[in-house]
Amino acid sequence: MALEKTFDAASAEAKWRVVWEEEGAFKAGANASRDETFCIMIPPPNVTGVLHMGHAFNNTLQDILTRWHRMRGFDTLWQPGTDHAGIATQMVVERQLAEAGNDGRREMGREKFLEKVWEWKAQSGGTIIEQLKRLGASCDYSREAFTMSGAPNAPEGNEGNFHDAVIRVFVEMYNKGLIYRGKRLVNWDPHFETAISDLEVENKEVAGHMWHFKYPLAGGQTYTYVEKDADGNITLEEERDYISIATTRPETMLGDGAVAVSPKDERYAPIVGKLCEIPVGPKEHRRLIPIITDEYPDPDFGSGAVKITGAHDFNDYQVAKRGKIPMYSLMDTKGAMRSDGKSYAEEATIAQAIANGDQEFDEAMIAAMNLVPDEYRGLDRFEARDKVVADITAEGNAVMIEQTRTVKDEDGNESQVTETVPYVENKPIMQPFGDRSKVVIEPMLTDQWFVDTDKIVQPAIDAVRNGETQILPERDTKVYFHWLENIEPWCISRQLWWGHQIPVWYGPSMQSTDGIANQELAFFCAADEESLFDQLAEYYGEVSILQLNSREQANEPIENFRFAINKGIADKLGEALIVPIWRDPDVLDTWFSSGLWPIGTLGWPEETEALKKYFPTNVLITGFDIIFFWVARMMMMQLAVVDQKPFHTVYVHALVRDEKGKKMSKSLGNVLDPLELIEEYGADAVRFTLTAMAAMGRDLKLSTQRIAGYRNFGTKLWNATRFAEMNDAVGIDVSQEGSAKYTVNKWIIGEVGRTRIAVDSALEQYRFNDAANALYAFVWGTVCDWYVELCKPLLQGDDAAAKAETQKVLSWVIDQCLILMHPIMPFITEELWAATSDTREKRLVHTDWPTYGTELIDAEADREMNWVVSLIESIRSVRTEMGVPAGAKLPLMLLEMDDVAQGAFDRNQVMIARLARLDGVSTISDVPKGAVTIPVEGGQVCLPLSDVIDVDAEKARLSKSMDKLDKEIKQLSGKLNNPKFVANAPEEVVNENREGLAAAEAERAKLSAAMERVAAL
RNA sequence: GGGCGUAUAGCUCAGCGGGAGAGCACUUCGUUGACAUCGAAGGGGUCACUGGUUCAAUCCCAGUUACGCCCACCA
């Protein structure tokens, strides 16, 4: 079963994927031999997703930890699964339906549409999990979870309880008062027509304009506007009949409720409390709004006066709430100017009555009013903006400024022209965009569900602060704290269909005192029908319940049936009382459900074995980009629901970028597809590359060159194993690694011990790159470059005992390489493990991870091999520098060797001879002419080069070495001559320096003697 | 505006209080029976700048400069 000449990654990967799966190698608890458990929750990729570099990185790290713990005998679970990804999935399916010429989702209806989504999921939803398998991810795929599993409309194959868990959590949190419904200003995505959370908004700087408009004072009043400089000198004084407003969003003027100025702003003091006119809309119905004071306006910015549009701006919202300013909603769900409701004339009249205090201030009524002038209704918000600007300018209410520009006449002569133009500042402004839709987000005043994060945030902060959960690298804890300490209510309702429908039903309120229900609705939050009907019965008494799909289905103004449900009235009329009930049509934010991933996948709320065993989980491995989205929310949710932290450690890794450091993105076209890379270089190479570059807390710039390098590393391991195989040094069942007699074998055994310690300690600290680099240096640098080379004369020589021992040790060393490399490079190592022996007890994936360490290190052998290696290196170096042909063999002469050096030489002579390409050894007492001397510890060696050596070359070589030593000696003696150093530095440091100095001086002496000899030639 | 981070070899980056490192690239040599997806030998760095702490600073502290990221409502 000789190994093929080269490693065929593709076929080995295909083979082992199947074998591992068939043998259940990755199942929870596989290979467990101790009580400790180890559990990782995969960050669930979107079902719509395909594996990108970030996934490859993230999952490679998880797999390394998982495989490592499994080999160490932990009861291991790596829980896989996918996220239903509300918006993303709905978007994909809608697009697909459109392409296929189907009806849109609204025409199709909710039921039908969801069927389509499930169909899509069945067809394409498994892609990314299959891709994880290609990477070699050793998840327990038999436990694959899905955040929508167990949903009422889920088809076969999507059983599970995740949906139940989500609904149950909602109900519990609702009952505890942690979730509430409220009318608040939220970020609205006009493309998807849904609310989104703050985190789903990306603020980007775009080129914008700031317009300056005049809001005329009511009734033609005037005041003296005075502007002063810093010293109090008057710089401007004029009579004005208007107040000047600056805005970047003129279309929202239609919904202004007031103009605010700073209470300290003396310029406007004369007109505070007066009314001014919004200069748009039909002239006969211009609305007058009050000029108020508020702390919010900055007197030094713009004109110092701010229009307050509470329903379309977050700042204005706060001001409006403080000042009880009406908030008029102007737009529909698509971001177009509203066209519902009464005519503008009617609405404006009512609004004016409210502003004048003649009509009661009723928030609900105000929210329903449509103050969009008739000629603006139905316009897109950006068209409306243009129209507002044009109308105001045409009417002469734009603030004008003088502007000088250069014009050219017909003859090309330039001249300066001063003209009066509308004051429009071109300036960059921050604009919010939907992270998925990429359209401009609109603040909208709507009824939404919120998690009262203030009430659940503290345990999540405490858990990290007191170290129960550790975030690595530590600096990310700051980011975590900062966000949590400034947390806003979390809007969790989405006006989508794909997701967990909110388990709340509405019915008419019974809260009436006079036989007429008030405007409130009654809420019924229930996890199941039984509970719902219990609640209904309790609330309404003996009535018939009419379940509707939506409020619209009631098909009646709500007041009508509210009136009818009064039992007393019904009794009087002798009519049966029918109560219409409808369910909230909205679904939950996807992150609400993924926030429950740890307990949800383990079977909560049932007390499953898995939950008891694996929760809290050990480590979460994730990118910093979802610390807020996911990590913080999992912390809050798990603590709120089961009062336990979800994981002990959160390891936050960097983002994978392209080789220039740019974020990989489809639009930039710099995306490296991990699957293509796997095909070209093999999964092991991709994995090793990512691991070697996984230094904590920095971006990871990936280049294919690097991957090719690590592919070569795999080849190197393959070839080393082939070498061992050719020399009958594989698969030898060596139960105990000790008992070697030969120095080189003792030495390599110790090196293996060191490497195991290095790998383990690196992985314990999540220093993946250290583990990879330690293995790389050991396998390539120590085993291949030195041990294999040193083995050759022993394996091919006549000393049967040496040969036999070396075969055993080499076989063991190769096995250890395979074991230690397996977590990072699972395929090639498993392949070699199988190929080198028929009698392995277990697959490599389940082979026991070694525990040996320093006891394998033989200090004597170490010293001796260091001596041998440095001798070989010195000879090689001299050979090249002196231009000795690589193939030429030279005799070696020993000179002034002490016993230790002589012994080391004798014991390792065949190896030295071979690696340094020597031919014959003799001992001399004088350096012959034409020979170069090489100082070694405890002696010197001479190489006769030819009859005439190149004197100049030798002089150069010697003086170069001496210069280096001189520098070292100067440095060391400088330190040692400093009494403060000797007095204050630790003794071992001082001793180290002394020894270093002595060695350098000894070598220096030998070199200068050599130099004298050469000079004498 | 606030916060965080990064400046080390030509490139990409490790390291981090007592000897400046790796990979790639570069130079020279090499068909040595594992491997040319290789081997051997090399060249290359005031560890951004300025101060401070220390016996000792690339490393710790402060400041400066440059770049990057995150958060944020200046109309």
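In what follows, chains are A, B, ... by sequence order, proteins preceding strands, each numbered from 1.
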[X] [atom1] to [N] [atom2], straight-line distance once rounded to whole Å:
| X | N | atom1 | atom2 | value |
| --- | --- | --- | --- | --- |
| A:His312 | B:rA75 | NE2 | P | 18 Å |
| A:Arg722 | B:rA36 | CZ | C1' | 13 Å |
| A:Lys716 | B:rC38 | NZ | P | 7 Å |

Original post:
Is it the case that A:Thr252 and A:Lys307 place a side-chain donor and acceptor less than 3.5 Å from each other?
Top reply: yes
Original post:
In terms of side-chain heavy atoms, does A:Glu200 have a donor or acceptor partner in A:Ser197 at a distance below 3.5 Å?
Top reply: yes
**OP:** Name the orientation class of the two ring planes belonging to A:Tyr776 and A:Phe713 (parallel below 30°, tilted from 30 to 60°, perpendicular beyond 60°).
**Re:** tilted
Original post:
Can you check whether A:Thr829 reaches A:Leu717 side chain to side chain, under 4.5 Å on heavy atoms?
Top reply: yes
**OP:** Measure the shortest side-chain to side-chain distance between A:Val932 and A:Arg957 over non-hydrogen atoms and say whether it is less than 4.5 angstrom.
**Re:** yes
Could you let me know what [N] is paired to, Watson-Crick or G-U wobble, both distances under 3.5 Å, or none if it's on its own?
| N | value |
| --- | --- |
| B:rU50 | B:rA62 |
| B:rG17 | none |
| B:rC67 | B:rG5 |
| B:rG30 | B:rC38 |
| B:rC24 | B:rG10 |
| B:rG44 | none |

Subject >> Which residue lies more 5' along RNA chain B, comparing A:Lys5 with A:Ile872 via nearest heavy atoms >> reply: A:Lys5
Original post:
When you match A:Asn993 and A:Ile245 each to their closest nucleotide on RNA chain B, which lands nearer the 5' end?
Top reply: A:Asn993
Original post:
Reading nucleotides 22-31 of chain B from the 5' end, what letters show protein touch, with B for base, S for backbone sugar-phosphate only, - for no heavy atom under 4.0 Å?
Top reply: --SS----S-
Base [N] to side chain [X], donor-acceptor N/O within 3.5 Å cut-off:
| X | N | result |
| --- | --- | --- |
| A:Lys975 | B:rA56 | no |
| A:Gln971 | B:rA56 | no |
| A:Arg917 | B:rU32 | yes |

Would you please confirm or rule out a distance under 4.0 Å between OP1 or OP2 of [N] and any side-chain N or O of [X]?
| X | N | value |
| --- | --- | --- |
| A:Lys792 | B:rG33 | no |
| A:Ser703 | B:rC11 | no |
| A:Asn719 | B:rC38 | no |
| A:Arg876 | B:rG42 | no |
| A:Lys427 | B:rA75 | yes |
| A:Lys307 | B:rC74 | no |

Candidates [options] - which lies nearest the side chain of [X]:
| X | options | value |
| --- | --- | --- |
| A:Ala985 | B:rC71, B:rC35, B:rC55 | B:rC55 |
| A:Lys980 | B:rA72, B:rC55, B:rA34 | B:rC55 |
| A:Thr715 | B:rC55, B:rU37, B:rA14 | B:rU37 |

**OP:** Assess whether atom CD of A:Glu485 is packed by more than 12 heavy atoms of other residues, nucleotides or ligands within 6.0 Å.
**Re:** yes
Subject >> A:His212, NE2: over 12 other non-hydrogen atoms inside 6.0 angstrom >> reply: yes
**OP:** Pick the C1' atom in B:rU65 and in B:rU12, then give their distance to the nearest Å.
**Re:** 24 Å
Original post:
How many angstroms lie between atom CZ of A:Arg706 and atom CG of A:Leu690, to the nearest 0.5 angstrom?
Top reply: 10.5 Å
Subject >> Identified ring-ring contact (aromatic ring centres under 6.0 Å, His included) partner of A:Phe688 from the options A:Phe768, A:Tyr710, A:Phe827 >> reply: A:Tyr710
